[in-house]
**Student:** 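This is the structure I want to talk about, given as structure tokens.
What's counted below: heavy atoms across the whole structure, side chains too, no hydrogens, waters or symmetry copies.
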Amino acid sequence: MIIILLGPPGSGKGTSSSVICKKHNLFPLSTGDVLRERIKQPDEFGKHIAKLMSNGELISDEIINQLVKEIVESDKMKSEYDGILFDGYPRTVQQAEFLEKLLADNNQKVNHILLFNIADDAIVKRIVSRRVDRKTGNVYNLISNPPPENTDLELYQRADDKEEVILHRLEVYKKQTEPLIDFYRKNGVVGEVDATLPVEKMIVTANKILAE
Ligand code: AP5
């Protein structure tokens, strides 16, 4: 099964991904996570990506598409999982066209798109409160999902989670990623998730769409 999570920054894609992937034995392919892992290498390429990300700009389609192709065609993917959940990819029409062909070349197609709907002001409040544990990668929220007290978590705030960068990421989303909604509506595979619901209800809604 191939699922794409589509929605603005902070709409709950990553939070939903881990639960859905466990339930359906899918590989969680978050291009944001892959890039955050890559920028730990402080070479020129890592620095180039880190700068774009902390400014809320997209990485070029060529770089992202190549990275996705390597993962989709890896042996591990084919032998251990029953599909892939894309979180944060595709993000441009060019990436979506590339993915269609890549999947077709591998005898696959997109089965479901989950579109996470939430207003901009709610997104800003949510993202400025996000904290990530450096050791486990677990994501918390100071308001909706506070980290446990008295633990040795190493919480940090993502460089792109500052208010001014979030506002720019929202602009980039509207300009470059929102056109994908119409692109995929033509295929009739878009299901809408109310991302303002509490996490558990949001995920129940997503799972209902996947079961239809
Ligand atoms: P990426 O990491 O993909 O970020 P994003 O798409 O902007 O999404 P986020 O990770 O910010 O949010 P999310 O929807 O996963 O929300 P979450 O579940 O964490 O991309 C980062 C950057 O990498 C891009 O800006 C770009 O530079 C680059 N990049 C990545 N992919 C690329 C591509 N394909 N092409 C080009 N460049 C690319 O939730 C957010 C917070 O809210 C958390 O604190 C969570 O606990 C809380 N929360 C979640 N759901 C709820 C709920 N229902 N109620 C209350 N709180 C909730």
Side-chain angles (χ1 to χ4, degrees), residues 1-21 24 26-39 45-46 48-50 52-74 76-78 81-106 108-118 123 127 132 137 139 158 160 168-187 189-193 195 206 209-210:
M1 176 157 62
I2 301 291
I3 301 174
I4 293 173
L5 305 189
L6 192 58
S11 55
K13 304 182 297 296
T15 302
S16 307
S17 164
S18 45
V19 182
I20 296 171
C21 284
H24 297 280
L26 303 178
F27 179 81
L29 205 174
S30 156
T31 40
D33 284 349
V34 174
L35 293 168
R36 276 184 287 279
E37 202 45 46
R38 180 61 183 83
I39 62 177
F45 185 55
H48 166 72
I49 297 173
L52 288 171
M53 288 178 82
S54 59
N55 289 333
E57 300 292 348
L58 296 188
I59 313 306
S60 76
D61 290 336
E62 291 68 29
I63 292 175
I64 295 287
N65 287 337
Q66 182 56 30
L67 183 155
V68 167
K69 181 173 164 36
E70 282 167 20
I71 298 174
V72 168
E73 293 185 340
S74 66
K76 183 179 161 83
M77 183 69 57
K78 290 177 181 163
Y81 295 94
D82 298 322
I84 304 173
L85 180 149
F86 291 94
D87 166 7
Y89 179 90
R91 251 174 156 99
T92 64
V93 171
Q94 208 273 346
Q95 290 180 14
E97 288 169 347
F98 180 88
L99 180 63
E100 296 237 311
K101 181 165 183 324
L102 176 65
L103 292 175
D105 289 347
N106 287 276
Q108 290 175 307
K109 67 177 175 71
V110 176
N111 302 103
H112 296 278
I113 312 272
L114 297 178
L115 172 61
F116 287 68
N117 291 318
I118 181 168
I123 285 176
I127 301 190
V132 184
V139 175
R158 275 172 42 178
D160 57 349
H168 183 61
R169 286 163 64 197
L170 280 169
E171 275 173 28
V172 170
Y173 174 78
K174 285 179 207 304
K175 202 167 156 199
Q176 304 207 49
T177 308
E178 258 184 7
L180 290 183
I181 300 173
D182 279 344
F183 179 93
Y184 284 118
R185 278 211 173 110
K186 286 178 201 144
N187 299 357
V189 288
V190 179
E192 307 216 11
V193 177
I209 296 170
L210 298 178

**Student:** I'd like to know if E192 and R185 make a salt bridge, using a cut-off of under 4.0 Å between side-chain N and carboxylate O.
**Tutor:** yes
**Student:** Give a yes-or-no answer on whether the side chains of E62 and Q66 include a donor-acceptor pair shorter than 3.5 Å.
**Tutor:** no
**Student:** Begin from the C-alpha positions of F86 and I2 and carry the test side-chain contact (heavy atoms from CB on, under 4.5 Å) through to its verdict.
**Tutor:** CA-CA 8 Å; F86 291 94; I2 301 291; 3.8 Å; yes
**Student:** So Y184 and L115, side-chain contact (heavy atoms from CB on, under 4.5 Å) or not? Walk me through it.
**Tutor:** CA-CA 10 Å; Y184 284 118; L115 172 61; over 6 Å; no
**Student:** Hey, does Y89 have a side-chain heavy atom less than 4.5 Å from the side chain of L29?
**Tutor:** no
**Student:** Run the side-chain donor-acceptor check on residues 3-16: report pairs under 3.5 Å with partners two or more places apart or on a different chain.
**Tutor:**
{"residue": "S11", "atom": "OG", "partner": "P8", "partner atom": "O", "Å": "2.7"}
{"residue": "K13", "atom": "NZ", "partner": "G7", "partner atom": "O", "Å": "3.2"}
{"residue": "K13", "atom": "NZ", "partner": "P8", "partner atom": "O", "Å": "3.0"}
{"residue": "S16", "atom": "OG", "partner": "G12", "partner atom": "O", "Å": "2.9"}

**Student:** Can you list the steps and then say if M1 with D82 is a side-chain contact (heavy atoms from CB on, under 4.5 Å)?
**Tutor:** CA-CA 6 Å; M1 176 157 62; D82 298 322; over 6 Å; no
**Student:** If you measure from CZ on R91 to CD1 on I64, what distance do you get to the nearest 0.5 Å?
**Tutor:** 8.0 Å
**Student:** Over all heavy atoms of both residues, which pair between I39 and A50 is shortest? Give the atoms and the distance, please.
**Tutor:** CG2-N, 3.6 Å
**Student:** So, taking the atom named CZ in R158 and the one named CE in M53, what distance separates them when rounded to the nearest 0.5 Å?
**Tutor:** 6.5 Å
**Student:** Would you compute the distance between atom CG of N65 and atom NZ of K69 and round it to the nearest 0.5 angstrom?
**Tutor:** 10.5 Å
**Student:** Between I84 and M77, what is the shortest heavy-atom contact and its length?
**Tutor:** CG1-SD, 3.6 Å
**Student:** Under a 4.0 Å N-O cut-off, is there an ion pair linking K175 with E171?
**Tutor:** no
**Student:** How long is the gap from CG on L52 to CG on D160, to the nearest 0.5 Å?
**Tutor:** 11.5 Å
**Student:** Above 12 or not: heavy atoms from other molecules or residues under 6.0 Å from NZ of K101?
**Tutor:** no
**Student:** If you measure only the distance, is there a donor-acceptor pair under 3.5 Å linking the side chains of T92 and D61?
**Tutor:** yes
**Student:** Working to the nearest 0.5 angstrom, can you tell me the gap between I209 CD1 and I113 CD1?
**Tutor:** 11.5 Å
**Student:** Identify the heavy atoms of K76 and Y81 that sit nearest to each other, and give their distance.
**Tutor:** O-CD1, 4.0 Å
**Student:** So, for C21 and L85, which heavy atoms are closest and what is the spacing to 0.1 Å?
**Tutor:** SG-CB, 3.6 Å
**Student:** For A96 and L180, work out which heavy atoms get closest and say how close.
**Tutor:** CB-CD2, 3.6 Å
**Student:** Which heavy-atom pair separates V172 from G56 by the least distance, and what is that distance?
**Tutor:** CG2-O, 3.6 Å
**Student:** In Å and rounded to the nearest 0.5 Å, what is the CD to CZ distance from E57 to R169?
**Tutor:** 11.5 Å
**Student:** What orientation do F45 and H48 show, parallel under 30°, tilted 30 to 60°, or perpendicular over 60°?
**Tutor:** parallel
**Student:** Thinking salt bridges, do K186 and D182 make one under a 4.0 Å N-O criterion?
**Tutor:** no
**Student:** Between N106 and L102, is there a donor-acceptor pair closer than 3.5 Å when you use the side chain of the first and the backbone of the second?
**Tutor:** yes
**Student:** Check the pair I20 / L114 against side-chain contact (heavy atoms from CB on, under 4.5 Å), numbers first and verdict last.
**Tutor:** CA-CA 11 Å; I20 296 171; L114 297 178; 4.0 Å; yes
